[in-house]
Colleague: 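The structure's right below; bear with me while I get my questions together.
Position 1 is the first residue of the sequence; numbering continues from there. Start at 1 and go down the list; that is how both ligands and their atoms are numbered. As the structure is a computational prediction, the values presented were derived from the model and not from experiment. When reading the values below, keep in mind they use all heavy atoms of this one structure, side chains included, and skip hydrogens, waters and symmetry mates.
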Amino acid sequence: MRLVLVGPPGAGKGTQATVLSQKLGVPHISTGDLFRANIGQLTPLGQEAKRYLDTGELVPDSVTNAMVEDRLAQPDAAGGFLLDGFPRNTVQADVLGGLLAAKGTKLDAVLQFDIAEDIVVERLLARGRADDTEEIIRRRQQIYRSETAPLLDYYRDILITIDAVGSVEDISERALKALRADA
Ligand code: AMP
């Protein structure tokens, strides 16, 4: 199963990705987590990425795409993966498509977590991560609308939309049911 999760910051993608990756037996690959790990370990990539995460801007595609290419080349991702936070624009989506095509594979589905912006902003304010100040949250939602939301049309042929309001269990059940129905 090769899956991409799409939804606004705060839609619960990370939480769902953890559950779904266990149930589906594929690794959870979060570009945000990869950046944060690099920042924590003070790697050159982390030092480059930090200023973007601090302000809520997207890390440049060249840096992000290279990191994802490396990660997808690792053996555990050969049989499938669940991408969380990548792609975030159509340029990244083109690169991902190219990487997969080169290996003779493609995405099976893109899961959209559908939720109203005012709900996610409230959630993020409650989460309290370093980049969860109101100003940065607003900027990240703006970037989602302008850069990432076009992916919903880009992936329209393989898009599965899930109502992302509800308990963690209800939402993962909806996602698994929709994926089964799609298979
Ligand atoms: P996330 O954990 O998915 O909310 O991502 C946190 C931050 O990491 C984002 O606000 C961006 O600065 C950066 N980031 C994560 N994924 C990407 C990506 N695919 N492209 C560019 N920047 C990203």
Side-chain angles (χ1 to χ4, degrees), residues 2-21 27-74 77 81-100 107 110-117 119-155 162 164 168 171 175:
R2 293 178 179 83
L3 274 185
V4 163
L5 305 188
V6 179
K13 291 188 302 296
T15 308
Q16 289 301 323
T18 305
V19 177
L20 295 175
S21 95
H28 168 201
I29 301 176
S30 155
T31 42
D33 286 350
L34 290 172
F35 285 129
R36 283 183 289 274
N38 275 278
I39 291 169
Q41 292 156 16
L42 304 172
T43 68
L45 189 147
Q47 280 165 344
E48 163 79 12
K50 186 174 186 321
R51 58 196 155 113
Y52 300 99
L53 274 87
D54 284 348
T55 54
E57 301 298 318
L58 293 186
V59 177
D61 289 339
S62 55
V63 176
T64 306
N65 291 333
M67 179 178 79
V68 169
E69 181 171 3
D70 269 10
R71 181 62 188 88
L72 288 179
Q74 288 172 28
F81 52 77
L82 205 160
L83 274 170
D84 160 18
F86 183 93
R88 253 179 162 92
N89 60 36
T90 56
V91 173
Q92 294 181 2
D94 284 340
V95 168
L96 176 62
L99 286 175
L100 296 177
L107 290 177
V110 173
L111 267 187
Q112 176 198 0
F113 288 80
D114 188 26
I115 186 163
E117 185 169 329
I119 302 179
V120 296
V121 170
E122 252 174 61
R123 276 197 200 170
L124 290 175
L125 283 169
R127 185 170 70 174
R129 207 168 73 187
D131 56 350
D132 285 339
T133 68
E134 190 157 359
E135 189 191 349
I136 301 174
I137 288 171
R138 277 217 197 87
R139 180 66 190 134
R140 288 186 8 242
Q141 299 299 334
Q142 211 174 42
I143 293 174
Y144 176 78
R145 282 195 304 267
S146 61
E147 298 275 318
T148 310
L151 292 177
L152 302 176
D153 183 53
Y154 183 103
Y155 286 128
I162 308 288
V168 171
I171 297 166

Colleague: Within the distance-only criterion (no hydrogens, no angle test), does the side chain of Gln92 pair as donor or acceptor with the backbone N or O of Asn65 below 3.5 angstrom?
Modeller: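 Side chain of Gln92 to backbone of Asn65, a donor-acceptor pair under 3.5 Å: no, none is there.
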Colleague: Any heavy atom of Arg129 sitting closer than 4.0 Å to ligand 1?
Modeller: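 Checking ligand 1 against Arg129, which is what was asked, there is a heavy-atom contact under 4.0 Å.
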Colleague: Would a 4.5 Å heavy-atom cut-off, applied to side chains only, mark Leu20 and Leu111 as touching?
Modeller: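 In contact.
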Colleague: Which of the atoms of ligand 1 are close to Glu57, meaning less than 4.0 Å from one of its heavy atoms?
Modeller: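 The atoms of ligand 1 under 4.0 Å from a heavy atom of Glu57 are 11 (C), 12 (O).
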Colleague: So among Asp94, Thr148, Asp61, which one has a side chain to side chain donor-acceptor pair (under 3.5 Å) with Asn89?
Modeller: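 Exactly one pass, corresponding to Asp61.
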Colleague: Starting from atom 22 (N) of ligand 1, find the nearest protein heavy-atom neighbour and note its residue, name and distance.
Modeller: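 Here the nearest protein heavy atom works out to Val59 N, 3.0 Å.
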Colleague: Please could you name the atoms of ligand 1 that Arg36 approaches to less than 4.0 Å, counting only its heavy atoms?
Modeller: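 In order of number, 2 (O), 6 (C).
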Colleague: For ligand 1, does Lys50 get within less than 4.0 Å through its side chain, its backbone, both, or neither, judged by non-hydrogen atoms?
Modeller: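 Looking at Lys50 and ligand 1, no heavy atom falls under 4.0 Å.
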Colleague: Closer than 4.0 Å to some heavy atom of Thr64 - which atoms of ligand 1 meet that?
Modeller: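 Near Thr64, the atoms of ligand 1 are 18 (C), 19 (N), 20 (N), 21 (C).
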Colleague: Check ligand 1 against Gly32 and write out every atom of the ligand that is under 4.0 Å from a heavy-atom position of the residue.
Modeller: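 Answer for ligand 1: 2 (O), 5 (O), 15 (C).
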Colleague: Can you find a heavy atom in the side chain of Val6 that is under 4.5 Å from one in the side chain of Tyr144?
Modeller: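 Heavy-atom side-chain distance check passes, below 4.5 Å.
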Colleague: Considering non-hydrogen atoms of the protein only, which is the closest contact for atom 19 (N) of ligand 1, and what is the distance?
Modeller: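 Result: Gly85 O, 2.8 Å.
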Colleague: Decide salt bridge (charged side-chain N to carboxylate O under 4.0 Å, His left out) for Asp33 and Arg36; before the verdict, give the C-alpha distance in whole Å, the side-chain angles of both, and the deciding distance to 0.1 Å.
Modeller: CA-CA 5 Å; Asp33 286 350; Arg36 283 183 289 274; 2.9 Å; yes
Colleague: Do Gln142 and Arg139 pair up side chain to side chain, a donor and an acceptor below 3.5 Å, judged on atom types alone?
Modeller: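 Result is yes, a qualifying pair exists.
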Colleague: Considering non-hydrogen atoms of the protein only, which is the closest contact for atom 23 (C) of ligand 1, and what is the distance?
Modeller: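 Among all protein heavy atoms, the one nearest atom 23 (C) of ligand 1 is Phe35 CE1, 3.6 Å.
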Colleague: Hey, looking at atom 5 (O) of ligand 1, which of Arg140, Gln92, Arg88 has the closest heavy atom?
Modeller: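 Checking each option, the heavy atom nearest atom 5 (O) of ligand 1 is found in Arg88.
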Colleague: Examine distances only and state if a side-chain atom of Lys13 and a backbone atom of Gly7 form a donor-acceptor pair shorter than 3.5 Å.
Modeller: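 Yes.
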Colleague: Begin with the C-alpha distance, continue with both residues' side-chain angles, and end with the deciding distance and a verdict on salt bridge (charged side-chain N to carboxylate O under 4.0 Å, His left out) for Asp132 and Arg123.
Modeller: CA-CA 10 Å; Asp132 285 339; Arg123 276 197 200 170; over 6 Å; no
Colleague: Within the 4.0 Å heavy-atom shell around Thr31, which atoms of ligand 1 are there?
Modeller: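 With Thr31 as reference, the close atoms of ligand 1 come out as 15 (C), 16 (N), 17 (C), 19 (N).
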Colleague: For atom 8 (O) of ligand 1, which candidate among Leu53, Thr148, Leu58 holds the nearest heavy atom?
Modeller: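 The residue whose heavy atom sits nearest atom 8 (O) of ligand 1 is Leu53.
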